[in-house]
Amino acid sequence: MNKRLLITFLCSVFGICLYAQDFQPEQGGVAETETVNVSEDEGLKEIEVIQSTTDGSDESVVESNDFVPASKYAEEFLNDRLSLGYDAKKKRIFVSATVAATIEDPAISDDFLVIRGGLYTRAIMQCKAKIAEAFNGKMSARDLLEIPGNDVHAALNKDSQKAQRIAQRSLKEFQKIAADLGVAEADADAGVTFGDRFNNFVDGIIKKVDSNYDPNVIDAKKKAKYEKRKAEYFQAQAEYEKLLEEAKKLKGVVEDKMASTVSIMAEMPLAGASVVQSYESYDEDTEQFEVSVIVGWSKGAEQAAHASLMAIPLITEPKPNKLSLRDWLKTQDWSIIGGSKSYIDENGKRWVLGVAARGLGNGTTADNKARMLAPVLAKKNAQFALLSDIATKKVAESLVQTKSVGLNKSLTEAAESISAKMKQEFEGRDVSGTTVKYSKTLVHPISGREMVVAVAATDIDLCLAAKDIVAESYAISENVKAKSAESNAFKEQLKKGNIPDSARKAVQLTPPQTKKLVPIRSSNVRKGGKAQSGVFGQEASDSDLDDF
């Protein structure tokens with residue numbers, strides 16, 4: 001069965017991304033438009049090469065019998081095209097994150113596209129947190145080794161070793177006496193520690209010696225020594241059995257513990273961080289859906305985002321080989337793109353885009369909600385790509401400890417965990433100029449579910465025009481209010497009988513000559529029967545309309 005891997009070629013020139021741009025507002029807040037020549041910028045050239053291969057020219061879906069997850073494609077892209085970490089020469093940084101969820105079957109899950117959107121948001125937030133940590137991170141760390149004192153345990157081990165040495169000495173004595181009696185040695189591999197095999201071997205020698213004892217062969221002195229060793233052996237064996245019972249009471253006692261704790265915190269406003277590339281994959285065997293994103297930030301990206309937020313026209317030199325935004329939007333496969341994206345058009349104008357999708361086909365009410373949600377979420381993603389206050393805290397803990405599991409036996413175990421809290425937000429920001437630039441019903445290739453996709457962008461030209469538009473709208477509103485107030489005052493005077501003479505004269509009538517009325521004919525009315533369906537009415541003639 002083929003595995004489906006969805007590859008999202010989201011390398012969008014990330015535009016802003018990798019070049020420096022300067023802007024200077026004039027005094028009084030009026031922006032000065034400045035064309036910046038970045039034709040020699042190596043970072044921009046590199047991204048434009050990547051983008052030239054992704055303007056609708058690559059396949060979006062790859063099927064393979066050998067499943068490869070999205071994270072592997074992200075790793076390969078980073079290794080082949082970019083590099084993780086900060087580049088001091090180009091003043092840019094790239095980070096990546098992969099998140100996954102277990103979904104039984106995306107084709108039948110009503111929540112799949114919501115989960116997908118959540119995974120994109122989570123992955124992008126993790127990337128932003130990494131960038132914030134690199135710029136403004138704080139860390140606390142501790143490694144702690146504990147070896148608890150346990151005298152009882154040490155004493156048991158000491159007594160155990162003594163008992164085994166006694167057993168070893170007894171075994172050697174038994175073997176000598178057995179040899180004197182002509183009893184062949186056997187089981188030389190029985191060992192010198194207590195155990196069934198060892199005990200059976202020693203017991204066998206004792207029986208042979210006792211049953212074959214001949215005072216003419218072994219003198220009394222050697223016999224006495226033998227009896228002494230035999231008594232020592234049985235006493236050591238009994239002591240060892242007691243030690244085993246005592247050791248059971250110590251089972252689970254911690255002998256040593258190594259604990260490590262690391263916490264990383266970062267908090268800062270982050271401007272100009274957006275998605276460079278993303279991938280999605282689903283493995284039907286493990287039921288794992290995976291989203292992997294690569295996010296980039298650069299000094300040029302930060303400056304361009306700042307300009308957008310301040311409504312300052314900031315452009316690079318024209319690029320005749322680039323498409324207009326309208327045409328470029330048509331080249332992208334928006335069914336496999338999430339989060340944010342950016343693009344520089346043929347005029348050198350940079351666009352920051354937010355992308356969001358919501359599923360359709362769940363009923364009229366749910367579909368109406370989806371068509372409202374997608375544009376709102378797309379605008380949110382566009383604004384977060386421009387600037388967000390990012391805060392993160394991660395705490396990682398690991399523990400390696402050794403426990404007693406029996407006499408002279410220990411077991412070492414390890415455990416680790418990580419907790420994280422991240423957020424990105426902004427409050428009360430002016431978002432005039434942000435509109436939906438693309439909206440279409442598409443089919444998600446992994447799930448086969450129909451969805452509405454919205455792409456929103458902040459248009460600097462609209463930001464500038466919006467001030468005049470809004471001001472004029474308020475002026476119109478004031479004019480209408482004044483007119484309404486004047487009209488209402490006039491009507492109040494009429495109610496009080498203050499009617500202008502011109503109005504009185506206008507309504508004076510001259511009585512017409514009396515005419516004989518024509519008898520009214522009864523109409524042909526149909527009564528009873530079924531109700532009639534259809535549209536009914538009498539068309540007015542031209543002469544009728546002349547009355548008005």
Side-chain angles (χ1 to χ4, degrees), residues 8 10-17 51 116-125 127-128 131 269-278 293-298 300-315 324-326 328-330 332 334-345 349-358 370-390 423-440 442 451-466:
T8 308
L10 184 53
C11 196
S12 60
V13 136
F14 159 8
I16 48 177
C17 288
Q51 187 181 21
R116 171 182 177 262
L119 292 180
Y120 267 104
T121 298
R122 179 175 171 178
I124 293 170
M125 284 183 64
C127 286
K128 288 185 176 181
I131 296 174
L270 185 62
S274 63
V275 176
V276 181
Q277 186 84 341
S278 71
V293 302
I294 299 166
V295 171
W297 174 95
S298 73
E302 181 185 62
Q303 290 178 325
H306 187 190
S308 293
L309 291 164
M310 298 296 292
I312 297 175
L314 185 66
I315 62 174
S324 67
L325 177 67
R326 180 176 180 274
W328 177 79
L329 287 171
K330 297 176 182 178
Q332 303 301 294
W334 296 104
S335 68
I336 52 172
I337 297 173
S340 62
K341 200 168 182 180
S342 53
Y343 178 69
I344 297 178
D345 64 19
K349 183 176 179 180
R350 176 188 166 270
W351 297 88
V352 175
L353 310 168
V355 188
R358 280 298 179 265
R371 291 188 174 93
M372 292 179 66
L373 272 173
V376 171
L377 297 175
K379 291 178 181 180
K380 179 205 74 169
N381 290 339
Q383 290 298 319
F384 273 140
L386 289 172
L387 175 66
S388 61
D389 294 329
I390 188 77
K423 69 175 182 178
Q424 61 175 353
E425 63 181 357
F426 58 83
E427 184 71 28
R429 180 184 300 171
D430 178 16
V431 294
S432 58
T434 302
T435 61
V436 172
K437 306 296 290 186
Y438 177 94
S439 181
K440 193 172 183 179
L442 302 171
M451 61 183 179
V452 57
V453 179
V455 181
T458 297
D459 188 337
I460 295 179
D461 292 334
L462 178 55
C463 287
L464 295 174

remark   = All heavy atoms of Ala273 vs all of Ile131, minimum pair found to be CB-CD1, 4.3 Å

ask   = So do Ser335 and Val453 actually touch side chain to side chain, heavy atoms under 4.5 Å?
value = no

Spacing of CG belonging to Leu309 relative to SG belonging to Cys463, to within rounding of 0.5 Å = 8.5 Å

key: Residue pair Val293 / Ser278: nearest heavy atoms and the distance that separates them   = CG1-CB, 3.9 Å

Mutual orientation of the aromatic rings belonging to Tyr438 and Trp334 [parallel < 30°, tilted 30-60°, perpendicular > 60°] = tilted

message = Are the side chains of Leu387 and Pro269 in contact, using a 4.5 Å heavy-atom criterion?
response = yes

ask   = Ala370 and Arg358: which non-hydrogen atoms are nearest, and at how many Å?
value = CB-CB, 3.7 Å

Nearest non-hydrogen partners of Trp351 and Ala457, listed with the distance = CE3-CB, 3.9 Å

query = Under a 4.0 Å N-O cut-off, is there an ion pair linking Lys349 with Asp459?
reply = yes

Trp328 CH2 to Leu353 CG distance, which is reported to the nearest 0.5 Å = 5.5 Å

ask   = Ala301 and Gly272: which non-hydrogen atoms are nearest, and at how many Å?
value = CB-O, 3.3 Å

inquiry  = What's the separation between atom CD in Gln424 and atom NZ in Lys128, rounded to the nearest 0.5 Å?
reply    = 4.0 Å

query = What distance separates Asp430 CG from Gln383 CD, expressed to the nearest 0.5 Å?
reply = 9.0 Å

message = Please find the pair of heavy atoms, one from Asn381 and one from Ala356, that lie closest to each other, and give the distance.
response = ND2-CB, 4.2 Å

